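Take a look at the structure below.
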Amino acid sequence: MNQQKPMIELRQIRKSYGSHEVLKGIDLVVPRGKIVSIIGPSGSGKSTLLRSINMLEETSSGEIWLDGQQVNRPLKGRVFEKHINHIRQEMGMVFQQFNLFPHLTVLQNIMIGPMRLKGLTKTAARDRANALLAKVGLADKGQAYPARLSGGQKQRVAIARALAMQPKVMLFDEATSALDPELVEEVNQVMKQLVSEHMTMLIVTHEMRFAAEVSDHVLFMDGGVVVEQGDPRQILSNPIEERTRVFLRKHLSN
Amino acid sequence: MDFQLMGQILPFMAEASLLTVSLTVYSLVIGLFVAMIVAMGRFSSVKPIRWVATAYVSIMRGTPLLVQLFIIFFGGPQFGLDLKPFSAGVLTMGLNIGAYMSEGIKGSIIAVDKGQTEASRSLGFGRFDTMRLFIFPQAAALMIRSLGVNTVILAKSTALVSTIGVVELTYSAQRFVTSTYKPFEVFAVAGAAYIVIVGAILLTVRGLEHLFDAHRKAAA
Ligand SMILES: Nc1ncnc2c1ncn2[C@@H]1O[C@H](COP(=O)(O)OP(=O)(O)OP(=O)(O)O)[C@@H](O)[C@H]1O
Ligand SMILES: [Mg+2]
């Protein structure tokens, strides 16, 4: 839409559960075609922040922008629903627990969004789904039900499902945390392929090495604030803040 | 025990049980319809709709079915609702069992993993599509059992309709008692007929469960 506008921009995002403030004024920019990763200890608010971007969580204040459109416009009722459903189509989201639809085959999982929401014909949706399955290395699994797949395969299908909507940006919330260690790499490979295709991505991860390898920019969050951010090599090998050092010492030694 | 009498009234009781079965079936259809709407109402984003749905369930479950039947059959005409006994019975039982069934439906919907809703919404599906395409189909497998239990309760409670003059199983039995003075034999036959009906319902439920299991096995 607008080359100067960042793909995602958050301004002073705040979010509370009751009296517990879990996001305390977060600013974040994801430029077009760039990879931004968020690291930080458990409970620091990483998932909440990611889920706020497509409004799976409602924020208390602040602004959320996607490619020059405000996501959290002050709309009500049906008008808001229509707006947010449209916005969500432009952001792909990948969950830690995959969340594939168990009553649908792999192909149906991928086809249903484009068919129902983007008006693709069945043939067009199937072609798109098959192409994406080939891309994530699962060309032969189209007819399988999710229960038949390994965790790594499920997550790759989930990525294909999100990509089928041709989103402008992909949000990953610990995409490999629920996987057995030997299955992590196949999912990372798919994510790296997206990086090479210049997909804009915002990645919440606890894999420091992966973050260092793929990211253009890393944020360290703790206690609902961004403690430190910058170039991945600098943040991960030579952080300035004491809290970042403590966190990394714990994590890199494991 | 007069086995001969039992044999003699059996064909008549079998015929009367057909009426019991049709009372059950018609009420079930209304009940499922009501249950669906009430369950939807309980998940509505509009607060007053949720209140109405909740109040409906509380009232239907908090008052005796017999009182509800009398209100509709005897009280209805005061408001222009002048129903035949059979229709009044079907309507009352449908409205009543619908309230119970809506609870089972609600429970099964809640039991579906929240991640399913999030996945659907994050793709851009609206609330209604999410329910229709992803949540309800998964909840359906879970709700069969509770719907089955309620259908059994429904079949047995059709006996109450005898009080407003529908000659179903229980009323036929009462008539045979006045002519034969053998209440034990007569009601034993009636009881056996109810067991056959209930058995048929349970078999159907089991069949449906197998069907869904087969689907899930194919899926697994
Ligand atoms: N639905 C909720 N109700 C109340 N508190 C919540 C809710 N969801 C999250 N929280 C709290 O918000 C804080 C941030 O949670 P969040 O899940 O965003 O952390 P996280 O950084 O993603 O952690 P993790 O690394 O464990 O995934 C935590 O203190 C958590 O307990
Ligand atoms: Mg998290």
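Below, read A as the first sequence line, B as the second, and so on, with proteins coming before strands; counting in each chain starts at 1. Computed from a prediction, not measured in an experiment: that's the story for all the values here.
Between A:Arg88 and B:Ser122 the shortest side-chain heavy-atom distance does not fall below 4.5 Å. By the 4.5 Å heavy-atom criterion applied to side chains, A:Leu138 and A:Val157 are counted as neighbours. In this structure the side chain of B:Leu19 never reaches within 4.5 angstrom of the side chain of B:Leu169, judged on heavy atoms. Counting heavy atoms from C-beta on, the side chains of A:Thr205 and A:Glu174 never come closer than 4.5 Å.
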task: Check step by step if side chain to side chain contact (heavy atoms under 4.5 Å, CB included) holds for A:Arg148 and A:Gln153.
output: CA-CA 9 Å; A:Arg148 279 261 175 89; A:Gln153 293 173 329; over 6 Å; no
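In this structure, the portion of A:Phe95 lying under 4.5 Å from any heavy atom of chain B is its side chain and not its backbone. Using a 4.5 Å cut-off between heavy atoms, A:Arg161 contacts chain B through both its backbone and its side chain. In this structure, the portion of B:Gln138 lying under 4.5 Å from any heavy atom of chain A is its side chain and not its backbone. Looking at B:Thr117, neither its backbone nor its side chain comes within 4.5 Å of chain A, counting heavy atoms on both sides. If you measure heavy-atom distances from A:Leu100 to chain B, the contacts under 4.5 Å come from the backbone alone. Contact annotation for A:Met91: only backbone heavy atoms (N, CA, C, O) come within less than 4.5 Å of a heavy atom of chain B.
The candidate from A:Ile84, A:Ile112, A:Asn54 with the greatest count of non-hydrogen atom pairs under 4.5 Å with chain B is A:Ile112. Taking A:Arg116, A:Gln97, A:Met93, A:Gln89 one by one and counting their heavy-atom pairs under 4.5 Å with chain B, the maximum is reached by A:Arg116. Contact count against chain A (heavy-atom pairs under 4.5 Å) is highest for B:Leu133 among B:Val46, B:Asp113, B:Asp129, B:Leu133.
Considering B:Val29, B:Ile30, B:Ile37 as possible partners of B:Phe33, the one that fulfils the side-chain contact (heavy atoms from CB on, under 4.5 Å) test is B:Ile37.
Environment of CZ in B:Arg145: sparse, with no more than 12 heavy atoms of neighbouring residues, nucleotides or ligands closer than 6.0 Å.
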